[in-house]
Amino acid sequence: MDEKAKDFIREIIDADIASGKHSDITTRFPPEPNGYLHIGHAKSICTNFGIAQEYNGKCNLRFDDTNPVKEDIEYVDAIKHDVEWLGFKWSSLHFASDYFERMYILAEKLIGMGLAYVCDLSPEDTRAYRGFASKPGKNSPFRDRSIEENLDLFRRMKNGEFPEGTRTLRAKIDMTSPTMCLRDPHMYRILHRDHHRTGSTWCIYPMYDFAHCLEDSSENITHSICTLEFEPNRPLYNWYLEKLDIYRSRQIEFARLNMSYTVLSKRNLRTLVEKGLVNGWDDPRMPTLSGLRRRGVPADAIRNFCSLIGLAKRNSTVDVALFEHSIREKLNKVAPRVMSVMNPVKLVIENYPEDKTEHFDYVVNPEDESAGTRPTPFSRELYIERDDFMEDPPKKFFRMGPGREVRLRYAYLVTCTAVVKDEDGLITEIRCTYDPDTRGGNAPDGRRVKGTLHWVSAAHSFPVEARLYDRLFNKENPMDNEDGIDFTSNLNPDSLLVTTNCMVEDHMRSKTPGFICQFERKGYFSIDPDSTSEKMVFNRTITLRDSWKKLKKNKK
RNA sequence: UGGGGCGUCGUCAAAUGGCAAGACACAGGGUUUUGGUCCCUGCAUUUGGAGGUUCGAAUCCUCCCGCCCCAGCCA
């Protein structure tokens, strides 16, 4: 068995088990319900749930809902659905808000220990007193209130006696600490807002640093895995647990995922949605899990991608090509093949009987023998891809041209005899003859053809809408632009092209949204929920690799 | 320029003092009724730089350089 090298987090866990520090491992995935999950969260989900699986431990799903201003129940449901879709089951479900009472008690305990105080400084003054990174801060004038006064004030804060912004509860640590978050950090702020779960019960809400370590501790989380930007907060995380003398979870930080040609911050994704630059959080161009799902990306592909990218502390940007590779790799193995013509032009076989229809055996998936074959109908009038014909083709063009013989996949060898055009010079019809001896696609005399074209029978196909998606941004780093702010200037104007006259084999009529297939030679497609009985809609998940396109591009 | 992190191929990423894995990308070739898949081949004499320790250094030491994070009553 080839031992895959372990990442630094799994090495820490191994060491903790070896040393006897832990015999059972518990992790957690702690999203804030203020937006939709994206591929970056998938890295965290796969890490936390993956570790729990590998070590026979537990992984909780916990909503970090400490800020009612930004959070909503809508996101809670969407997040649960996304985690399940990715293929994970949480050991237990929690909400930070379930711990509000306990947090409050622990806050009073800290006050009682002389380690927390109510501060009346305005937000502006608080900032002024904090100092700078290189300059120490000054003590708040309210820092030395008596325990009794602090307790009284804090209870009155809780009882709603003070307006928002007038007072906070702060930990009494060290205003001169070189670590900014240790300069008497806020524990509670006043917010006269209804919370999506606790309603109007509370008008003070705990800050992240105070809340998160308590949540982890309450759940006996052994390893609290988070992203790099929380690294400077770790001393504070440890401070609360130590002073309160409660279960000590260990915070470990890893580098969040960045991906080329993609934005992955909730803030920027929200901008795209709110400015109407995409059609919602689940727009198939979005890197959200809901968007990827709608686009047709299998959860398996995402999980495999997450194991390919590794886990480390170095800031990095993964090439989106690696993600695309993961998608193709999965889809190639599972997607049934279908023939569909995106940009149809009629092909008439002059020597084929007008009233005849015959069927050929179509291999459903050459990568999966068990998928078997199915019959596909063929007749005198077909559609082929406009791109598959050139009147004056170069040598390397292996497709149809005047006088050229090509294979119609699974059917016959045909030779182009004529082209019919309208008054504008647009080709309206291509004429050809077929060789009846080549049934199935091979010539008994052994002659070979270079090209094999896909096709549909005109009488046995129907038009659908195809939404051809491409990368949302045309710049490797969408954040890199002239004014340094407006990343939307790097949006790819061709990220969505719609064609409404894509002809698809008749048997596809019965398929329903979510169905994924490969349109042969074109790419992988999934049926969109926008489909109606009048018009089916297909999303292009991703194209096939296209070495012909590459060859053409390199010549230019 | 205070504190906390991080520098190994174009992009990710292993190597834990003993001869720089692997994947993607790229380039070339083979097979092929998808210009797909698959298969072969090539792709870091060198690990941000300079010194030092050592028989031996990406790994240890010193100095330097670069990048990221922290000054929300956000998370």
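Chain A is the first sequence line, chain B the second, and so forth, proteins listed ahead of strands; every chain is numbered from 1. Computed from a prediction, not measured in an experiment: that's the story for all the values here.
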> How far does the C1' atom of B:rA57 sit from the matching atom of B:rG17, given to the nearest Å?
Replying inline: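 Comparing C1' positions in B:rA57 and B:rG17 gives a spacing of 7 Å.
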
[X] side-chain proximity, nearest of [options]:
X        : options                : result
A:Pro232 : B:rG36, B:rC70, B:rC12 : B:rC70
A:Asn67  : B:rA14, B:rA23, B:rC74 : B:rC74
A:Lys313 : B:rC6, B:rC73, B:rA27  : B:rC6
A:Pro178 : B:rA15, B:rA23, B:rG3  : B:rG3
A:Glu231 : B:rG5, B:rG35, B:rU37  : B:rG5
A:Glu367 : B:rG36, B:rA14, B:rA71 : B:rG36
A:Phe398 : B:rG35, B:rU37, B:rC73 : B:rG35
A:Arg189 : B:rC12, B:rG35, B:rC73 : B:rC73
A:Thr179 : B:rG35, B:rA14, B:rG3  : B:rG3
A:Met207 : B:rA15, B:rU37, B:rC74 : B:rC74

Using a cut-off of 4.0 Å on non-hydrogen atoms, how would the nucleic acid contact of [X] be classed: base, sugar-phosphate, or nothing?
X        : answer
A:Ser122 : base
A:Asn233 : base
A:Glu324 : nothing
A:Glu32  : sugar-phosphate

> Any donor-acceptor pair under 3.5 Å joining the side chain of A:Arg337 to the base of B:rU34?
Replying inline: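 Indeed, a donor on one side and an acceptor on the other fall under 3.5 Å apart.
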
>> On the side chain of A:Arg399, is there an atom forming a donor-acceptor pair with the base of B:rG35 - under 3.5 Å, no angle test?
In response: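 Yes, the side chain and the base share a sub-3.5 Å donor-acceptor pair.
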
Scan every strand shown for a Watson-Crick or G-U wobble partner of [N], both distances under 3.5 Å, and answer none if you come up empty.
N      : value
B:rA15 : none
B:rA75 : none
B:rC63 : B:rG49
B:rC38 : B:rG30
B:rA57 : none

Short N-O contact, [X] and [Y], less than 4.0 angstrom:
X       : Y        : result
A:Lys70 : A:Glu32  : no
A:Glu54 : A:Arg10  : yes
A:Arg62 : A:Glu215 : yes

> Atom NE2 of A:His325 to atom P of B:rU37: distance rounded to whole Å?
Replying inline: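 One finds 10 Å between P of B:rU37 and NE2 of A:His325, rounded.
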
>> How many whole angstroms separate atom CZ of A:Arg234 from atom P of B:rC70?
In response: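 These atoms are roughly 16 Å apart.
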
> Is it true that the NZ or CZ of A:Arg374 lies under 6.0 Å from the centre of A:Tyr362's six-membered ring and within 45 degrees of the ring axis?
Replying inline: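 Relative to the ring axis of A:Tyr362, which defines the angle, A:Arg374 lies inside both limits.
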
> Is the aromatic ring of A:Trp548 within stacking range of B:rG35, meaning centres under 5.5 angstrom and planes under 30 degrees?
Replying inline: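 Yes, the aromatic ring of A:Trp548 stacks with the base.
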
> Under the 5.5 Å and 30° test, is A:Phe132 stacked on the base of B:rG2?
Replying inline: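 A stacking contact does not exist, since A:Phe132 is not both close and nearly parallel to the base ring of B:rG2.
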
>> Less than 4.0 angstrom between a side-chain N/O of A:Ser316 and OP1 or OP2 of B:rU11, yes or no?
In response: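 Result: no.
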
> OP1, OP2 of B:rA75 versus side-chain N and O of A:Thr66: anything below 4.0 Å?
Replying inline: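 Indeed, a polar side-chain atom of A:Thr66 lies that close.
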
> Pick the nucleotide of RNA chain B nearest each of A:Asp546 and A:Leu311; which residue has the one closer to the 5' end?
Replying inline: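 The answer here is A:Leu311.
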
> Toward the 5' end of RNA chain B, which comes first, A:Cys181 or A:Ser134, by nearest nucleotide?
Replying inline: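 Comparing both residues, the 5'-ward one is A:Ser134.
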
>> Under 6.0 Å between ring centres: does that hold for A:Tyr410 and A:Phe360?
In response: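 Not under 6.0 Å, so no.
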
>> Determine whether the aromatic ring centres of residues A:Tyr188 and A:Tyr205 are separated by less than 6.0 angstrom.
In response: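 Aromatic pair excluded; centres sit 6.0 Å or further apart.
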
>> Ignoring hydrogens, what is the shortest heavy-atom contact between A:Leu110 and A:Met187? Give both atom names and the distance.
In response: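 Heavy atoms of A:Leu110 and A:Met187 come nearest at CD2-CE, 3.7 Å.
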
